[in-house]
Amino acid sequence: MKNFSEWFHNILEEAEIIDSRYPIKGMSVWLPRGFQIRKYTLNAINELVEKDHDEVLFPMLIPETQLSKEGETVKGFEEEVYWVTKGGKNDLNERLALRPTSETSIYPMFSLWIRSHMDLPVKVFQTVSTFRYETKHTRPLIRVREITTFHETHTAHSTPEEAEEEVQEGIRIYKEFFDKLGIGYSICRRPEWDKFPGSLYTTAFDAIMPDGKTLQIGTVHNLGQKFAQTYDIQFENDEGEHEYVNQVCYGVSDRVVAALIAAHGDEKGLQLPPVVAPEQVIIIPIIFKEKEDIVLNFTDNLEKILKDNGIRVKQDKRDMRPGKKYYEWEKRGVPIRIEVGPRDIENNNIVLIRRDTGKKEFIEYDENTIVDVVKECMDNITKDMKEASNKFQEEKTFFVTKPEQIKKTINKKGGIVTCNWCGEIDCGKEMEDKFDIDVLGTQEAELEDDATCINCGKKANHKVLVSKTY
């Protein structure tokens with residue numbers, strides 16, 4: 001893809017995902033097709049999260065006194081908060097923040113709900129809009145002022161060990177979720193200066209985009225007891241003593257849809273994995289006037305069989321050339337196209353085309369097996385798209401041993417560069433300035449005994465990932 005930025009901007013419009021012409025910078029309108037993709041994406045993660053978590057919905061407005069209690073959080077978002085100062089014509093007694101993040105709205109309520117160890121653990125999630133006055137160059141779905149799809153999970157536990165188990169559970173859920181969508185990713189622990197404000201540590205998922213930059217697509221935060229102490233979230237243990245809870249939160253946003261589009265799209269347009277496609281199958285009847293009834297009776301029946309078996313299917317009966325229909329549905333990313341003409345019916349065949357490979361197959365038609373054929377094809381598409389995206393992520397990750405290779409590799413090849421690092425904050429920030437990159441974070445790895453930091457030359461303690469980021 002020669003110009004990813006231009007392609008991405010165009011495909012959001014051409015594939016009817018969002019309309020960015022809303023008269024507030026950094027805010028867009030989800031169009032019907034885009035909203036369906038969003039809906040099925042949320043369905044995919046909700047299926048994983050709601051097995052052990054309860055869905056809730058908290059208000060959008062946060063009193064300034066609640067927000068300001070958590071000093072680190074306020075400091076992290078102070079330049080990005082939208083404030084409501086009037087109710088009608090009247091000045092409010094207290095400013096209200098449009099939710100930049102939800103900890104400061106949820107945790108005061110946790111302090112009311114939690115009284116004893118019998119109330120724990122608390123595990124809730126919600127999907128909401130969050131608002132941040134983004135001052136950098138905005139980009140639809142990637143860098144916005146209203147994050148319209150903020151899916152966040154918040155939990156409280158009696159022990160640090162249980163909280164750590166929840167961190168691992170969050171990571172497992174996100175791995176399964178991104179695998180479902182076929183999005184390749186790298187996982188690392190964010191450096192101290194880039195972790196979520198107030199957390200003990202942050203684990204993040206990053207996907208490499210076609211232009212070589214990385215996009216953060218999910219985060220899991222171990223909050224320890226910092227917020228519990230701020231908002232007085234205590235429970236009575238078995239011995240009758242009061243303790244602060246241990247907390248975890250994790251979230252994904254609109255960026256998942258952006259990564260989904262970027263990971264699989266090509267010059268023809270979108271490629272959608274079946275799990276999120278508004279139409280998993282599009283049927284194109286090849287109509288000739290003298291055989292129109294024969295073809296449409298066949299395709300109507302085929303559509304009904306697939307629909308009755310839970311497959312999202314649509315039939316395109318519009319009076320236009322088949323080639324124009326093929327072009328439109330390819331651009332929209334429908335995983336499977338089925339073509340049926342009079343000759344196919346005579347030969348008891350249908351033609352099945354995969355969007356991801358363009359491969360055309362002549363399938364012997366049997367009403368009793370067609371559902372299994374289509375479902376197997378969708379499974380293969382999911383598997384192949386996932387493998388292709390993982391391969392891209394792997395091939396765009398490079399290990400280097402010399403300082404001059406960092407900038408050279410990033411500028412020439414893009415992607416993620418890994419190297420040995422001492423782990424010291426000053427050294428990491430110096431690397432960002434010196435090499436014009438961002439330190440994504442560290443991964444657990446066995447280093448050689450004599451391994452040294454690529455930047456300062458001291459003993460290396462970590463494998464670090466760096467890249468240019470959105």
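Nothing here was measured: the structure is a model prediction, and the numbers come from that model.
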Hydrogens and angles aside, do [X] and [Y] bring a side-chain donor and acceptor to less than 3.5 Å of each other?
| X | Y | value |
| --- | --- | --- |
| Arg190 | Gln216 | yes |
| Tyr231 | Glu103 | no |
| Ser186 | Gln393 | yes |

Worksheet item: What residue pairs, at least two apart or across chains, pass salt bridge (Lys or Arg N to Asp or Glu O under 4.0 Å) with a residue in residues 146-162?
Response: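 Every candidate salt bridge (Lys or Arg N to Asp or Glu O under 4.0 Å) pair involving residues 146-162 fails, so no pair, neighbours aside, qualifies.
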Worksheet item: Pairs in or reaching into residues 253-262: which pass salt bridge (Lys or Arg N to Asp or Glu O under 4.0 Å), with residues at least two apart or in two chains?
Response: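 Passing the test, one end in residues 253-262: no pairs.
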Grab the two heavy atoms, one from [X] and one from [Y], that are nearest each other, plus how far apart they are.
| X | Y | answer |
| --- | --- | --- |
| Leu120 | Ala156 | CD2-O, 3.7 Å |
| Ala204 | Thr219 | CB-CG2, 3.9 Å |
| Phe392 | Pro210 | CZ-CA, 4.2 Å |
| Asn222 | Glu164 | ND2-OE1, 3.3 Å |
| Pro342 | Lys291 | CG-CB, 3.8 Å |
| Phe205 | Tyr174 | CZ-CB, 3.6 Å |

Item to complete: Please name the residue in the list Glu166, His157, Glu169, His53 that meets the side-chain hydrogen bond (donor to acceptor under 3.5 Å, both in side chains) test with Lys123.
Response: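 Exactly one candidate clears the test, Glu166.
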How are the rings of [X] and [Y] set relative to one another: parallel (under 30°), tilted (30 to 60°) or perpendicular (over 60°)?
| X | Y | answer |
| --- | --- | --- |
| Tyr133 | Tyr82 | perpendicular |
| His154 | Tyr107 | perpendicular |
| Phe4 | Tyr470 | perpendicular |

More than 12 foreign heavy atoms under 6.0 Å from [atom1] of [X]: is that the case here?
| X | atom1 | answer |
| --- | --- | --- |
| Glu364 | CD | no |
| Glu387 | CD | yes |
| Lys386 | NZ | no |
| Lys314 | NZ | no |
| Glu14 | CD | yes |
| Lys412 | NZ | no |
| Arg318 | CZ | yes |
| Tyr22 | OH | no |

Keeping the roles fixed (side chain from [X], backbone from [Y]), state whether a donor-acceptor pair exists under 3.5 Å.
| X | Y | value |
| --- | --- | --- |
| Ser389 | Met385 | no |
| Lys468 | Asp436 | yes |
| Glu339 | Ile284 | no |

Worksheet entry | Those residues that, when tested against Phe298, pass ring-ring contact (aromatic ring centres under 6.0 Å, His included) (two or more places apart) |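 ring-ring contact (aromatic ring centres under 6.0 Å, His included) list for Phe298, sorted by chain: Tyr365.
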Worksheet item: Taking the six-membered ring of Phe58, is the NZ or CZ of Arg99 close enough (under 6.0 Å from the centre) and on axis enough (within 45°)?
Response: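 Cation-pi check for Arg99 and Phe58: fails.
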Worksheet item: How far does CD1 of Ile305 sit from CD of Glu367, to the nearest 0.5 angstrom?
Response: 4.0 Å
